[in-house]
Every structure is written in structure tokens, then in C-alpha cells.
Amino acid sequence: MKRLFFYLSSFVALLYCSTGYAQYHMKDFTPLHELTGTWKMATKKGFLYEQWFMINDSLLQNKSYRVNGTDTIPQEAVQLKISGGAITYTSTVVNQNNQQPVIFTLVNKDNGKYIFENTAHDFPQQISYKLKDANTLDAGISGRINDQYREISFYFKREK
């Protein structure tokens, strides 16, 4: 019986290590609750907004939109959630991916910066979020397009 348990435990550990993803816990997800609220960034095409809502302790949702003059243009809807030891960023972008959600999985959390990745996606392959302080959010998307690396940064301020 001990031998069976050893082999089964070894198999599970090997399977877990082969996925390449770390196990995350609620303590890793809780800092993301600080995203709750409205964030704003000025662009050449007007203002870009992200509104984050806490649905429950393990799920946040956002809607992002651009305001240009009197026009409000929806951009994206996102779900951030923790489930089964994984933290995922699921994005549905207007007029992209046939309106189907794309899932990015947290691959690195360091010094308050969260990096989500989906290497099978065309662009971006990585999405990052970092709350620099209570009123400053730095986000970014990056990856390869036609064998060229591209990175786009977003610098949001909390809307009061």
C-alpha cells in the first residue's frame, strides 16, 4: 500500500510540474481586489477607461471602453478569477476572436506585478498588471507579431 501511495504521489507531482504553472492561493489573488473601481488613461483617441467590479472574493470583472467626445465605444470585458490553484485572466475583446473569450494564466507574480500568458494566442501572448500605488495602475500587453516583438503599455490613474 505504501508503495502504491508513493507511485501515485510521484505521478501527481510529475504531472503538476509538467504543466509549468505554479499553484496559487487566495493570498496571491487578494491584492487584485485593489483593482476595484474606475481607472482612466488619456490617449490620442480620447479617454480609455477600465471599470473593475468585485463579484466575490475569487472573481473580479471589468469592462473597458473608450470615450471620444460624446461617443462611448466598448473595448473589452475581462474576468480575473482564482480556481483550482490557478489565477486566470479571461478577455473578450470587441470585434476580435469571433467574440470568443481568450484565457491567459498567471505565470509570474513578483513585487506586485502579475503576468498572465497564453502562448497559443496570436497577440498578445502576455498581459501584465501592476498597482504602483493606490491611484496608479500600469498594465501592458506584449508578444510577437510576424516574428517581431511588440509591447504596448497602459498607464492608468484611479478616477475619483
If you draw a 6.0 Å radius around [atom1] in [X], do more than 12 non-hydrogen atoms from other residues or ligands fall strictly inside?
X	atom1	answer
Arg150	CZ	no
Ile103	CD1	no
Lys109	NZ	yes

So which heavy atom on Glu34 is nearest to which on Trp39, and how close?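 Closest approach of Glu34 to Trp39, heavy atoms only: O-CZ2, 4.0 Å.
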
Please name the pair of heavy atoms, one in Gln125 and one in Arg144, separated by the smallest distance, quoted to 0.1 Å. OE1-N, 2.6 Å

Can you tell me how far the [atom1] atom of [X] sits from the [atom2] atom of [Y], to the nearest 0.5 Å?
X	Y	atom1	atom2	result
Ile141	His121	CD1	NE2	9.5 Å
Leu35	Leu80	CG	CG	6.5 Å
Ile73	Leu48	CD1	CG	10.5 Å
Leu60	Ile55	CG	CD1	8.0 Å
Asp138	Phe154	CG	CZ	11.5 Å
Thr38	Asn62	OG1	CG	10.0 Å

Any donor and acceptor pair, going by atom type alone, linking the side chain of [X] with main-chain N or O of [Y] inside 3.5 Å?
X	Y	result
Asn68	Asp71	no
Asn146	Gln148	no
Lys130	Asn111	yes
Ser64	Glu76	yes
His25	Asp28	no

Tell me every residue that passes side-chain hydrogen bond (donor to acceptor under 3.5 Å, both in side chains) with Gln126, counting only those two or more places apart in sequence or in another chain. Glu117

Going by the rule side-chain hydrogen bond (donor to acceptor under 3.5 Å, both in side chains), which residues pair with Asp133 if we only count those two or more places apart in sequence or in a different chain?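 With sequence neighbours excluded, Asp133 shows a side-chain hydrogen bond (donor to acceptor under 3.5 Å, both in side chains) to Thr136, given in chain and number order.
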
Side chain to side chain contact (heavy atoms under 4.5 Å, CB included) for Val78 and Trp52? Distances and angles first, verdict last. CA-CA 9 Å; Val78 173; Trp52 285 94; 3.6 Å; yes

Quick one: do Thr88 and Gln79 satisfy side chain to side chain contact (heavy atoms under 4.5 Å, CB included)? Show the steps, please. CA-CA 8 Å; Thr88 56; Gln79 280 193 340; over 6 Å; no

pair [X]-[Y]: side-chain heavy atoms closer than 4.5 Å:
X	Y	answer
Met26	Ser58	yes
Glu159	Phe47	no
Val94	Gln75	no

Quick one: do Tyr49 and Thr72 satisfy side chain to side chain contact (heavy atoms under 4.5 Å, CB included)? Show the steps, please. CA-CA 10 Å; Tyr49 290 88; Thr72 301; over 6 Å; no

With clusters defined by side-chain heavy atoms of hydrophobic residues (ILVMFWY) lying less than 4.5 Å apart, directly or transitively, does Val93 cluster with Tyr129?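 Different clusters.
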
Find out if a path of hydrophobic residues (ILVMFWY) with successive side-chain heavy-atom gaps under 4.5 Å connects Tyr89 to Met54.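 Cluster IDs for Tyr89 and Met54 match.
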
